[in-house]
Structures are given as C-alpha cells and as structure tokens.
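This report concerns only the one structure given below.
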Protein chains: 2
Amino acid sequence: MTAPDPRRERHLAEARRRLGEYLKERRLRATRQRDLILAAFLDHGSHASVDELYQVVRSRDPSVGHATVYRSMSLFVAAGIAGERRFHEGVSRYEPALHVDHHDHLVCEACGVIEEFEDPTIERLQEEAAATRGFRVHYHRLELYGLCRNCREP
Amino acid sequence: MTAPDPRRERHLAEARRRLGEYLKERRLRATRQRDLILAAFLDHGSHASVDELYQVVRSRDPSVGHATVYRSMSLFVAAGIAGERRFHEGVSRYEPALHVDHHDHLVCEACGVIEEFEDPTIERLQEEAAATRGFRVHYHRLELYGLCRNCREP
DNA sequence: ATGCTTGCAAACGCTTTGCATTTGA
DNA sequence: TCAAATGCAAAGCGTTTGCAAGCAT
C-alpha cells in the first residue's frame, strides 16, 4: 500500500522499544492491541484524536474496543511516547513525544489545519516572564488561532 | 457584607450598559436572571467556571437553573463582556473582557492559582512567527504551567 | 496459575437542547 | 400580545470505570 517510510519505521521501532521498556519495568503486558494502537498513532502523523485512531485501528482489527484506545493512549503518555493536547474545540489530541523538540501551534479556524512552529526567543522570554513572577515552568502551551494562507485569500 | 469596591461598581455599571446595548440591538430581553448572573460573574474575580457561578447565583436566588447560567455566559461572550478559556483540566472558565488588556496565564499545578501576565515582546514575536508562515492571527493562547513561588518552597 | 487487559456497557461530568410555561417589551 | 427566556429533565458527547472473560507471563 504505502511505500515504507524509513523514518517512520525507525520511529515505530524506537517507540516499541521504549514501550517495551516501560512495560517491563512495571510488569505490565505487551498486547496485540497496544502494538496496533501504537502503530496507528505513529501512522497518523500528528494531532490524532482518540476517535480518529479508533477508526484506523478498527479498520485493521474490528474487535478492538473504544476504551482500549483511551487506555492505551494514557499509557503512551505515561510512558513518554505521546503528548496530550487540547485545542479550543476541547477534545484530547495526541502527538508523538519522541524525537520531537518542543514546538507551538498555529491553528486555522477555517480549515482546521494545524501547523507547528518553534521560536527559541519566545521560549526564553516565557521563562523570564515566569521567573520574574516566582514561577518555575514545567511546560507551556502556546497556540495562535487565525487564518492560514489559503483561507485568507478572498 | 463586602465594602463596596468602586472599581467593581464601575465595571458592573459598564457591563450592564454594554449588555443593555447588545440586547436592544437584537431585540433580546433584559431579565432578572441575566443581571444576577452578570453580577455574580463580575463579583467572582476571574476564571469562574459555570458551576462556581451557578453556586453563587443559587445562593442569591435558588430558582435559577443551571442551563440559564450556561446560556447567559454564552450571551456575555457574544456581547463581548466575557471571554471563554479552557485550561488543561478542560472545563470552560470565563474572565471579564472589558477593561482588560490581553494577557496570558501562569497556572500553578500544585495549588491551582492562576496568575496573569503580559509581555508585549512575546506578543510581537508571535505575530511575526505567524506572519512568516502566512497566518493572520485572530487570538492566541499562552499558558505556562508549573509551580508558583509558594509551592516551590520545600 | 496469576493477575493484567480486554470488550462491553453503563456511568460519568460538562454542556446543550426540547419543551411546556413564564415573562419582558 | 407574543416571541424570547426560563426551568426542568433528557439527551449529547467525550471520557472513564466496573465487571466478567481472555490472555500474557
């Protein structure tokens, strides 16, 4: 079907390794479902909702339940493989947490496309703003909502 | 009970005026409930959830329904009196939108306190980052999560 | 064998909606 | 008068949970 993308292959392999480690450490179990969901997650690109993943997983194995996708995604977050985000719409979306430097998001309100960007100066200023007020930052969230290039055009 | 805060008085007066305007324009109606909820909202300070407002409103008039608070808050957002935000927990919280310049948030993960801050340089850099990528920004959201001064101390 | 995982369905918490009734203009 | 607004209860929606059965170890 799809040509094998060597980068994705590597990422899948590493995510599997990381998950295996995490499971072994805590005496949890490697299951067919978890591997299936992990693959669907990495196939999806980024910002997948549980329901989107559920659809993909189902197309490959209709016996997998909704709850299992929820439970697995929580597990992946705990294992450091996935990061959870909520954009303005409110549903949880997941993005790969391995090999990904921190980045922020541009969200198009018209077509829904989500673009990522990074700006080290903004990061630094955030740290400074927080430090000034006595805060130590663990993580942050920066989202810019507006219109993307395509949707701006009349 | 509480000493009358002149600033709050002014804000309530202006919010009432603005709401009155908005209602008249669209031939909507001024009701006791809307005024009650508006007052509770402005009394609350900032970042009130619907349920928190509902409790306050109820203590003043137990006949008011849950749904009316939801409907009123949506109305206030539409009228430009309130802004809606969702922090990581997921529930909608509202803050006054009048007399308030744009600001961002520092959220303490330990005690839950939400502090506001503003940084014009960050704002400018955001605009630039967006423009570079062809986006026009309508609004943005920046939240820094971590520990506040009190909660950092051992 | 043990106990973690699963699928299912029911429960959940927040929010919205349908509807009969009340109420502001 | 009469459409808008309310209160209530029910429905929606994404998410979580209880439980009996299944499966990895």
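These numbers were taken from a predicted model, which means no experiment stands behind them. Heavy atoms only: backbone and side chains are in, while hydrogens, waters and symmetry mates are out.
- Side-chain proximity of A:L28 to the nucleotides D:dT15, D:dA5, C:dT5 is greatest for C:dT5.
- Distances shown here put every side-chain N or O of B:T31 at or beyond 4.0 Å from the OP1 or OP2 atom of D:dA5.
- Between B:Y70 and C:dT15 there is a side-chain polar atom (N or O) within less than 4.0 angstrom of OP1 or OP2.
- D:dT6 atom C1' lies 12 Å from atom CG of B:D61, rounded to whole Å.
- Nearest approach of B:L42 to B:L12, heavy atoms of both residues: CD1-CA, 3.5 Å.
- Taking hydrophobic clusters as Ile, Leu, Val, Met, Phe, Trp and Tyr residues chained together by side-chain heavy-atom distances below 4.5 Å, A:L23 shares a cluster with A:F41.
- Distances shown here put every side-chain N or O of B:R86 at or beyond 4.0 Å from the OP1 or OP2 atom of C:dC14.
- Distance CG (A:L36) to P (C:dT6): 11 Å, rounded to an integer number of Å.
- Note on A:R71: a base of the nucleic acid sits closer than 4.0 angstrom, heavy atoms only.
- Distance B:R34 CZ to D:dG7 C1': 14 Å, rounded to the nearest Å.
- Of the two residues near DNA chain D, B:R27 and B:V64, the one whose nearest nucleotide lies more 5' is B:R27.
- Regarding B:I37, its CD1 atom lies at a distance of 11 Å from the C1' atom of D:dA5, rounded to whole Å.
- Following rounding to the nearest Å, A:E89 (CD) and D:dT15 (C1') show an atom-to-atom distance of 14 Å.
- A:L19 has its CG atom 17 Å from the P atom of C:dC4, to the nearest Å.
- OP1 or OP2 of C:dT23 has not a single side-chain nitrogen or oxygen of B:Q33 nearer than 4.0 Å.
- Taking the centre of each ring, B:Y94 and B:H44 stay at or above the 6.0 Å mark.
- The ring of B:F87 has its center closer than 6.0 angstrom to the ring center of B:H47.
- Within 4.0 Å of A:S63, counting heavy atoms only, lie sugar-phosphate atoms of the nucleic acid but no base atom.
- Rounded to an integer number of Å, the gap from B:H66 NE2 to D:dG12 P is 19 Å.
- The side chain of A:T68 contributes no N or O atom lying less than 4.0 Å from OP1 or OP2 of C:dT6.
- For A:A67, the listed nucleotide lying nearest its side chain is C:dA9; candidates were C:dA25, C:dT15, C:dA9.
- Under the 30°/60° scheme for interplanar angles, the aromatic rings of B:Y145 and A:Y139 are found to lie parallel.
- Set against C:dG7, D:dG14, C:dT5, the side chain of A:R29 has C:dT5 as its closest nucleotide.
- Side-chain proximity of B:V50 to the nucleotides C:dT15, D:dT25, C:dG7 is greatest for C:dT15.
- Backbone-only contact: B:S92 has heavy atoms under 4.0 Å from sugar-phosphate atoms and none from a base.
- Note: B:Y54 and B:H66 meet the aromatic proximity criterion, with ring centroids under 6.0 Å apart.
- Nucleotide C:dT6 holds its C1' atom 14 Å from the CG atom of A:L75, rounded to whole Å.
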